[in-house]
Colleague: 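Got a structure for you, written out below as C-alpha cells; questions coming shortly.
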Amino acid sequence: MYSSASNTLTFYTLIGNEDMEVKPKHTSSPTMKTPNEAESDTSADMKTHFRVCRFIMETGVKLGMRSIPVATACALYHRFYQSASLQVYEPYLVAMSAIYLAGKVEEQHLRTRDIINVCHRYLHAGSEPLDLDSEFWELRDSVVQCELLILRQLNFQVSFHHPHEYLLHYLLSVKGIMNRHAWCRTPISETAWALLKDSYHGPLCVRHPPQHLALAVLYLSLQSYGVELPAGAVEWWQVFCEEITKAEIESIITDVLQLYDMEAKCT
C-alpha cells in the first residue's frame with residue numbers, strides 16, 4: 001500500500017466527504033456475485049470515476065493548470081485503475097497524486113501544498129488553508145507515496161499522446177473546405193473541443209488511439225449541427241485516418257454520449 005493505515009485515516013479526516021467512505025483492503029476470500037450485483041458494482045465504480053475526474057478537472061482549473069496537464073492527470077488516473085481496484089486504493093488520493101505527477105510530466109510543476117489546499121477547499125467550500133501541522137505533513141507524505149505507487153503500477157510509462165494535436169489539425173482542414181459563412185454560423189470547433197474535454201471523464205483516452213478519439217468528437221460535432229462535408233472518392237474521415245471504420249467512430253461516439261447519461265446520474 002502507498003501509506004500506513006494512520007495516514008489513510010488522516011486523509012479522510014482532512015478531506016472527508018459525505019459521499020466518501022473508508023475502503024480497506026480486502027483480506028477475505030471474494031464471494032460470488034449475481035449478475036445484477038456485479039452490474040450494480042460496475043455502475044457504482046463508473047460514477048465514482050466520473051466524479052473523481054470532474055474533481056481533477058475543476059481543481060486543475062483552480063490550480064491554473066493548462067489543458068494538456070489536466071488531460072494527463074485524468075489519463076494517469078484512468079490508466080492506474082485499469083489494473084487497480086477502487087476497493088483497495090482511495091480514488092481521491094490517487095487523483096491528487098495524479099495531478100502532482102502530471103505537473104512534472106508536462107513541465108508545469110505544482111507545489112504539493114497548493115494541491116492539498118485547493119483539493120481540501122474543493123471538498124470543504126469556504127474552509128481556510130490547512131495548518132502546517134503533523135496531519136498536513138502526513139497527508140503530504142501520502143500524496144508523495146501514492147505518486148510512487150502510480151509510477152510503479154504504470155511501469156514508469158507516464159507520457160501520453162493526447163488527441164488534442166490531431167483535433168487541431170482536423171479542425172483546420174475542415175475549416176479550409178467548408179463555406180466560410182457556414183463555419184462562422186456553427187460552433188463546430190467549440191463543440192468538438194468541449195466533447196474532447198468531457199471525454200476525459202471516462203477511460204476513452206486510454207482505450208482508443210488519440211487520432212480515433214479526435215476524429216470521433218469532430219464527427220459528432222458535425223452531426224450535431226447537420227453539417228455535411230463534400231463527398232469524394234473516400235469518406236472525409238478516411239482522408240484524415242484511413243484505418244478507422246465508421247463502426248469504430250460510432251462506437252466511440254456511443255461511449256462519449258454515455259458519459260452525459262452518467263453526468264445526469266451523478267448530479
Colleague: Applying salt bridge (Lys or Arg N to Asp or Glu O under 4.0 Å), run through E263 and R54 and close with a yes or a no.
Modeller: CA-CA 10 Å; E263 180 181 24; R54 183 166 55 192; 5.0 Å; no

Colleague: Aromatic rings Y166 and H161: how do their planes relate, parallel, tilted or perpendicular, breaks at 30° and 60°?
Modeller: tilted

Colleague: Show the numbers, then the answer: is there a ring pair (Phe, Tyr, Trp, His ring centres under 6.0 Å) between H124 and H120?
Modeller: CA-CA 6 Å; H124 295 276; H120 180 264; 4.8 Å; yes

Colleague: What closest approach, in Å, do L171 and W183 show between heavy atoms, and which atom pair accounts for it?
Modeller: O-CH2, 3.9 Å

Colleague: For a side chain to side chain contact (heavy atoms under 4.5 Å, CB included) check, start with the C-alpha distance between V143 and I115, then their side-chain angles and the critical distance, and finish with the verdict.
Modeller: CA-CA 10 Å; V143 171; I115 294 172; 5.7 Å; no

Colleague: Strictly distance-based, threshold 3.5 Å: is any side-chain N or O of Q238 a donor or acceptor partner for the main-chain N or O of E235?
Modeller: yes

Colleague: Decide whether H162 and Y200 meet the rule of one side-chain donor and one side-chain acceptor closer than 3.5 Å.
Modeller: yes

Colleague: Just by modelled atom types, is the I188 backbone N or O under 3.5 Å from a matching donor or acceptor in the S221 side chain?
Modeller: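 Yes, because the side chain of S221 sits within donor-acceptor range (under 3.5 Å) of the backbone of I188.
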
Colleague: With a 3.5 Å distance limit and no angle check, can you tell me whether E106 reaches the backbone of I68 through a side-chain donor-acceptor pair?
Modeller: no

Colleague: Of all the heavy-atom pairs spanning S224 and L220, show the shortest one and how long it is.
Modeller: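 Looks like OG-O, 2.7 Å.
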
Colleague: Report yes or no: does Q108 contribute a side-chain atom to a donor-acceptor pair with the main-chain N or O of P69 at less than 3.5 Å?
Modeller: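 Such a contact is absent between Q108 side chain and P69 backbone.
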
Colleague: Between S173 (side chain) and H169 (backbone), is there a donor-acceptor pair under 3.5 Å?
Modeller: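 Pair found, side chain donor or acceptor close to backbone of H169.
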
Colleague: Say you draw a straight line from NE2 of H201 to CZ of F55; how long is it, rounded to the nearest 0.5 Å?
Modeller: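 So the gap between those two atoms works out to 12.5 Å.
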
Colleague: Between Y89 and F80 (judged by ring centroids, cut-off 6.0 Å), do the two rings come close enough to count as a pair?
Modeller: yes

Colleague: Give a yes or no on this: more than 12 heavy atoms of other residues, nucleotides or ligands lie within 6.0 Å of atom CD of E190.
Modeller: yes

Colleague: Identify whether V227 and V239 are in the same connected component of the hydrophobic contact network (ILVMFWY, side-chain heavy atoms under 4.5 Å).
Modeller: no

Colleague: Which heavy atom of S142 sits nearest to which heavy atom of S97, and what is that distance?
Modeller: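 Distance-wise, the nearest heavy atoms are O-OG, 4.5 Å.
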
Colleague: Could you give the distance from CG (L213) to CD1 (I244), rounded to the nearest 0.5 Å?
Modeller: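 Answer for the CG-CD1 pair, L213 versus I244, is 9.5 Å.
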
Colleague: Which atom names give the shortest non-hydrogen contact between A214 and P163, and what distance separates them?
Modeller: CB-O, 3.6 Å

Colleague: Give a yes or no on whether the backbone of L130 and the side-chain of N117 come within a donor-acceptor separation of less than 3.5 Å.
Modeller: yes

Colleague: Quick check on E243: does its CD atom have over 12 non-hydrogen neighbours (other residues, nucleotides or ligands) under 6.0 Å away?
Modeller: yes

Colleague: Give me the atom names and distance for the closest heavy-atom approach of V94 to I150.
Modeller: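 That closest heavy-atom pairing would be O-CD1, 3.8 Å.
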
Colleague: Tell me whether V234 is reachable from L215 by hopping between hydrophobic residues (I, L, V, M, F, W, Y) whose side-chain heavy atoms are closer than 4.5 Å.
Modeller: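 No; V234 is not reachable from L215 via cluster members.
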
Colleague: Counting N and O atoms only, with roles assigned by atom type, does the side chain of S251 sit under 3.5 Å from a partner on the main chain of E248, one being a donor and the other an acceptor?
Modeller: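 Pair absent, no side-chain N/O of S251 close to backbone of E248.
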
Colleague: If you round to the nearest 0.5 Å, how far is OG of S67 from NZ of K197?
Modeller: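 If I round to the nearest 0.5 Å, the distance is 9.0 Å.
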
Colleague: Check the pair Y77 / H49 against side chain to side chain donor-acceptor pair (under 3.5 Å), numbers first and verdict last.
Modeller: CA-CA 9 Å; Y77 175 87; H49 291 317; 2.8 Å; yes

Colleague: Can you measure from OH (Y219) to OH (Y170) and round to the nearest 0.5 angstrom?
Modeller: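 Here the interatomic distance stands at 15.0 Å.
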
Colleague: Say you draw a straight line from CG of L195 to CG of L167; how long is it, rounded to the nearest 0.5 Å?
Modeller: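 Interatomic distance, L195 CG to L167 CG, rounded to 0.5 Å: 9.5 Å.
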
Colleague: With distance as the sole test, does E90 use its side chain to make a donor-acceptor pair with the main-chain N or O of L93 at under 3.5 Å?
Modeller: yes

Colleague: Could you check whether any side-chain N or O of D131 sits under 3.5 Å from a backbone N or O of D133, counting only pairs where one atom can act as donor and the other as acceptor?
Modeller: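 Side chain of D131 to backbone of D133: no pair is present.
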
Colleague: Calculate, to the nearest 0.5 Å, the distance between atoms CZ and CZ belonging to R79 and F160 respectively.
Modeller: 4.5 Å

Colleague: Does I56 share a hydrophobic cluster with V61, counting links as ILVMFWY side-chain heavy atoms below 4.5 Å and allowing steps through other members?
Modeller: no

Colleague: Quick check: closest heavy atoms across A73 and A98, and the distance to 0.1 Å?
Modeller: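 Looking at all heavy atoms of both residues, the shortest contact is O-CB, 3.6 Å.
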
